[in-house]
*Asks:* 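Take a look at this one; I'll ask things after.
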Amino acid sequence: MKRILVTGGAGFIGSHLCERLLNEGNEVICLDNYFTGSKMNVVHLMDNPYFELVRHDVTHTYMAEVDEIYNLACPASPVHYQYNPIKTIKTSVMGAINMLGLAKRVRAKILQASTSEVYGDPHVHPQPESYWGNVNPIGIRSCYDEGKRCAETLFMDYHLQNNVKIKIIRIFNTYGPRMNPDDGRVVSNFIVQALKGQDITIFGDGQQTRSFQYVDDLVEGMCRMMGSREDFVGPVNIGNPNEFTMLELAQNVLELTGSKSKLIYQTLPQDDPKQRQPNIDLAYQELNGWQPKVQLREGLMKTIEYFDRQLKG
Ligand code: NAD
Ligand code: UDP
């Protein structure tokens with residue numbers, strides 16, 4: 001039995017990961033400050049004696065004897081990470097330093113949840129891991145993008161300088177049950193708006209693209225990456241290459257919910273990337289043929305069912 005620390009474990013992705021790791025017979029310590037996550041996301045795990053929930057902020061040091069660390073603590077939606085940008089960058093940078101320090105001390109393997117945002121508004125499409133990106137260092141997304149880029153640097157330096165066993169994954173837009181309904185990300189926004197019969201808010205002309213991954217595929221990729229051969233540290237893209245415009249996404253949500261909501265157009269936020277699509281050849285090669293299994297409409301149906309229950313309940 002391994003003891004595994006999941007920072008940001010009470011968040012959307014973290015809660016699915018904790019569940020999976022417990023199901024595989026591990027002991028899990030879930031650490032969270034509940035900024036965007038919630039105890040409700042993990043309440044169903046509380047009865048498990050191998051699950052431990054700790055209120056803690058990763059900008060402060062934390063000590064526990066663990067075998068593996070998944071470092072997910074960081075607000076992920078633009079609305080939330082822009083709420084307190086200084087705190088966001090502290091969470092990424094000081095959180096990485098604190099968790100890498102812990103990994104070094106107890107000789108744990110540590111995985112960083114990095115992001116496709118390190119590619120910024122990309123000039124190379126689709127994005128391979130070798131692309132260095134096009135990121136504005138002083139814009140409204142920078143606290144998140146540059147924080148995550150700096151965290152990748154720290155991971156690589158602890159690995160090269162101190163032999164810490166690291167893994168870096170770059171996650172592309174991921175959605176599914178337990179997303180925070182108010183967190184402003186496009187999939188949760190469109191579904192909640194459609195279910196409530198409110199206008200669907202398209203930012204800009206809706207022609208910008210994203211490639212949406214269902215959360216189960218991501219969790220599978222994360223676990224495979226943690227278990228991959230020791231000299232493969234990444235970064236590796238984990239995402240679904242099927243690319244959609246925001247108008248296509250809205251159309252799918254309207255069809256699947258049967259909603260009569262109308263589309264309204266709002267200003268495109270500053271530095272909003274125009275396109276995003278992962279090249280997943282490396283993940284396929286190194287992670288035992290990993291590739292996403294759940295396509296958009298199937299994943300949207302499961303997410304719509306979840307939000308429908310939440311709104312009624
Ligand atoms: P989320 O907001 O649901 O989860 C983040 C969790 O971290 C929350 O539970 C929050 O309370 C916690 N947290 C934030 N600051 C903290 C701090 N200082 N100390 C302790 N806990 C803190 O978002 P998510 O979508 O589940 O994202 C999880 C991770 O995956 C994040 O690191 C995010 O950057 C990364 N990621 C997500 C996506 C995506 O599309 N969902 C894409 C790329 C990267
Ligand atoms: N978006 C939108 N309407 C919304 C929320 C977001 O059109 O109500 C757009 C947003 O401008 C961006 C895309 O959807 O182009 C994805 O936004 P999200 O915040 O989900 O993720 P990110 O921009 O970080 O990829």
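Counting starts at 1 for both ligands and their atoms, in listed order. Given the structure is predicted, the values throughout are model-derived calculations rather than measurements.
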*Asks:* Could you measure the distance from the CD atom of Q112 to the CE atom of M225? Nearest 0.5 Å is fine.
*Replies:*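 CE of M225 is found 11.5 Å from CD of Q112.
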
*Asks:* For atom 35 (C) of ligand 1, which candidate among T88, I171, V54 provides the closest heavy atom?
*Replies:* I171

*Asks:* Using a 4.0 Å heavy-atom cut-off, say whether T201 meets ligand 2 through its side chain, its backbone, both or neither.
*Replies:*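 The answer is both, backbone and side chain.
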
*Asks:* Could you check S15 against R178 for side-chain hydrogen bond (donor to acceptor under 3.5 Å, both in side chains), going step by step and ending with a plain yes or no?
*Replies:* CA-CA 8 Å; S15 64; R178 299 197 207 119; 3.0 Å; yes

*Asks:* Among all protein heavy atoms in this structure, tell me which lies nearest to atom 3 (O) of ligand 1, with the distance rounded to 0.1 Å.
*Replies:*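 Atom 3 (O) of ligand 1 sits closest to the protein heavy atom F12 N, 2.9 Å.
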
*Asks:* So, is F203 polar-close to ligand 2, with some N/O to N/O distance under 3.5 Å?
*Replies:* yes

*Asks:* Using a 4.0 Å cutoff against the non-hydrogen atoms of G8, which atoms of ligand 1 qualify?
*Replies:*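 Those of ligand 1 that fall under 4.0 Å from G8 are 6 (C), 7 (O), 9 (O), 12 (C).
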
*Asks:* For atom 21 (O) of ligand 2, what's the nearest protein heavy atom and its distance?
*Replies:* N173 ND2, 3.4 Å

*Asks:* May I ask you to say whether D217 pairs ionically with K293, meaning some side-chain N is under 4.0 Å from a carboxylate O?
*Replies:*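 Looking at D217 and K293, the cut-off is not met.
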
*Asks:* So, D145 and R149, do they make that salt bridge, N to O below 4.0 Å?
*Replies:* no

*Asks:* Nearest non-hydrogen atom to atom 22 (C) of ligand 1 belongs to which of N33, V118, N98, N71?
*Replies:*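 Closest candidate by heavy-atom distance is N33.
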
*Asks:* Determine, for E220 against R20, whether the closest basic-nitrogen to carboxylate-oxygen distance falls under 4.0 angstrom.
*Replies:* yes

*Asks:* With nothing but distance in play, are any N or O atoms of T36 less than 3.5 Å from an N or O of ligand 1?
*Replies:*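 T36 vs ligand 1: N/O contact under 3.5 Å present.
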
*Asks:* Would you mind checking if E117 and R141 are paired as a salt bridge, meaning a charged N to carboxylate O distance below 4.0 Å?
*Replies:* yes

*Asks:* Please write down residue, atom name and distance for the protein heavy atom closest to atom 9 (C) of ligand 2.
*Replies:* Q208 NE2, 3.8 Å

*Asks:* Heavy-atom count check: over 12 atoms from other residues, nucleotides or ligands less than 6.0 Å from Y83 OH?
*Replies:*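 Check fails, neighbour count at 12 or below.
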
*Asks:* Should L72 be counted as touching ligand 1, given the test is an N or O pair under 3.5 Å?
*Replies:* yes

*Asks:* Considering only protein heavy atoms, which is closest to atom 15 (O) of ligand 2, and at what distance to one decimal place?
*Replies:*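 Nearest neighbour among protein heavy atoms for atom 15 (O) of ligand 2, to 0.1 Å: D272 OD1, 2.6 Å.
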
*Asks:* Is a salt bridge present between R297 and E255, judged by a nitrogen-to-oxygen distance below 4.0 Å?
*Replies:*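 Salt bridge between R297 and E255, a charged N being under 4.0 Å from a carboxylate O: yes.
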
*Asks:* Would you check whether G184 reaches within less than 4.0 Å of ligand 2, judged by its heavy atoms?
*Replies:* yes

*Asks:* Output yes when the distance from some N or O of ligand 1 to some N or O of D57 is under 3.5 Å, and no in every other case.
*Replies:* yes

*Asks:* Using a 4.0 Å cut-off to any heavy atom of A73, which atoms of ligand 1 qualify?
*Replies:*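 Listed by number with element: 7 (O), 20 (C), 21 (N), 22 (C).
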
*Asks:* Could you tell me, atom by atom, which parts of ligand 1 come under 4.0 Å of a heavy atom of G37?
*Replies:*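 Matching atoms, with element in brackets: 8 (C), 9 (O), 10 (C), 11 (O).
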
*Asks:* Applying a 4.0 Å heavy-atom criterion (strictly less than), which segment of S116 is in contact with ligand 1: side chain, backbone, both, or neither?
*Replies:*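 Neither; nothing of S116 gets under 4.0 Å from ligand 1.
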
*Asks:* Any side-chain donor-acceptor pair under 3.5 Å between E129 and N279?
*Replies:*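 No, because no side-chain N or O of E129 sits under 3.5 Å from a partner of the opposite role on N279.
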
*Asks:* Give me the one residue out of K274, R276, Q275 that meets side chain to side chain donor-acceptor pair (under 3.5 Å) with D121.
*Replies:*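 Answer to the side chain to side chain donor-acceptor pair (under 3.5 Å) test with D121 among K274, R276, Q275: K274.
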
*Asks:* May I ask you to decide whether D57 forms a salt bridge with K90, counting only side-chain N to carboxylate O separations under 4.0 Å?
*Replies:*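 No.
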
*Asks:* Check each heavy atom of R276 against ligand 2 and say whether those closer than 4.0 Å belong to the side chain, the backbone, both or neither.
*Replies:* side chain

*Asks:* Which of the numbered atoms in ligand 1 are below 4.0 angstrom from a heavy atom of N173?
*Replies:*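 Once the distances to N173 are compared, the set is 40 (O).
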
*Asks:* Identify the residue among I69, I110, N71 that makes a side-chain contact (heavy atoms from CB on, under 4.5 Å) with L5.
*Replies:*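 It is I69, the one option of I69, I110, N71 that forms the side-chain contact (heavy atoms from CB on, under 4.5 Å) with L5.
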
*Asks:* Please state which option from Q275, E117, R141, M246 has its nearest heavy atom closest to atom 23 (O) of ligand 2.
*Replies:*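 Checking each option, the heavy atom nearest atom 23 (O) of ligand 2 is found in R141.
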
*Asks:* Using a 4.0 Å cut-off to any heavy atom of V58, which atoms of ligand 1 qualify?
*Replies:* 17 (C), 18 (N), 19 (N), 20 (C)

*Asks:* Can you tell me how far the OH atom of Y81 sits from the CD1 atom of I89, to the nearest 0.5 Å?
*Replies:*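 One gets 12.0 Å once the value is rounded to the nearest 0.5 Å.
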
*Asks:* Consider ligand 1: state whether an atom of it lies below 4.0 angstrom from any non-hydrogen atom of T7.
*Replies:* no

*Asks:* Are any of the N/O atoms on R210, whether in the backbone or the side chain, positioned under 3.5 angstrom from an N/O atom of ligand 2?
*Replies:*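 For ligand 2, there is an N or O atom that lies under 3.5 Å from one belonging to R210.
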
*Asks:* Does atom CE of M40 have more than 12 heavy-atom neighbours from other groups under 6.0 Å away?
*Replies:* no

*Asks:* Indicate yes or no: does an N/O atom of R185 lie under 3.5 Å from an N/O atom of ligand 2?
*Replies:* no

*Asks:* Could you tell me if any non-hydrogen atom of Y144 lies under 4.0 Å from any atom of ligand 1?
*Replies:*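 Yes, that is the case, since the closest heavy atom of the residue is under 4.0 Å from the ligand.
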
*Asks:* Could a heavy atom of K90 be found less than 4.0 Å from some atom of ligand 1?
*Replies:*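 So K90 does not count as touching ligand 1.
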
*Asks:* What I want to know is whether Q193 and ligand 2 share at least one N or O pair that is separated by under 3.5 angstrom.
*Replies:*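 Between Q193 and ligand 2, no N or O pair is found under 3.5 Å apart.
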
*Asks:* Give the atom numbers and elements of ligand 1 that come within less than 4.0 Å of a heavy atom of H56.
*Replies:* 19 (N), 20 (C)

*Asks:* For atom 19 (O) of ligand 2, which of the options G204, P78, A250, P269 provides the nearest non-hydrogen atom?
*Replies:* P78

*Asks:* Any atoms of ligand 1 less than 4.0 Å from a non-hydrogen atom of G11? List them with their elements.
*Replies:*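 Here the atoms of ligand 1 in question are 3 (O), 4 (O), 8 (C), 9 (O).
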
*Asks:* Measure the acute angle between the ring planes of Y175 and Y214, then classify it against the limits of 30° and 60° as parallel, tilted or perpendicular.
*Replies:*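 Aromatic pair Y175/Y214 classed perpendicular.
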
*Asks:* Look at atom 23 (O) of ligand 1 and find which of R185, M179, Q112 reaches it with the closest heavy atom.
*Replies:*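 The nearest heavy atom belongs to R185.
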
*Asks:* Using a strict cut-off of 4.0 Å, indicate which atoms of ligand 1 neighbour a heavy atom of K148.
*Replies:* 31 (C), 32 (O), 33 (C), 34 (O)

*Asks:* Can you tell me which portion of R170 lies within the under-4.0 Å heavy-atom range of ligand 1? Options are side chain, backbone, both, or neither.
*Replies:* neither

*Asks:* Do any nitrogen or oxygen atoms of L31 lie less than 3.5 angstrom from nitrogen or oxygen atoms of ligand 1?
*Replies:*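 So ligand 1 has no N or O lying under 3.5 Å from an N or O of L31.
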
*Asks:* Within 45° of the six-membered ring axis of Y34 and under 6.0 Å from that ring's centre, is NZ or CZ of K39 located there?
*Replies:* yes

*Asks:* Heavy-atom distances under 4.0 Å are what count here, so tell me which part of D32 touches ligand 1: side chain, backbone, both or neither.
*Replies:* both

*Asks:* Surrounding OH of Y131 (heavy atoms of other residues, nucleotides or ligands, distance under 6.0 Å), is the total greater than 12?
*Replies:* yes

*Asks:* Quick check on E230: does its CD atom have over 12 non-hydrogen neighbours (other residues, nucleotides or ligands) under 6.0 Å away?
*Replies:*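 It does not: E230 CD has 12 such atoms or fewer within range.
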
*Asks:* Quick one: which of I169, V28, L17 gives a side-chain contact (heavy atoms from CB on, under 4.5 Å) with Y70?
*Replies:*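 Of all the options given, the one that passes is L17.
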
*Asks:* Is the closest basic N to carboxylate O distance between K302 and E305 below 4.0 Å?
*Replies:*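 A salt bridge is absent here (no side-chain N lies under 4.0 Å from a carboxylate O).
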
*Asks:* So, regarding V187 and ligand 2 (criterion: nitrogen or oxygen to nitrogen or oxygen, under 3.5 Å), is there a contact or not?
*Replies:* no

*Asks:* Report the member of D183, T209, D145, V186 with the shortest heavy-atom distance to atom 18 (P) of ligand 2.
*Replies:* V186

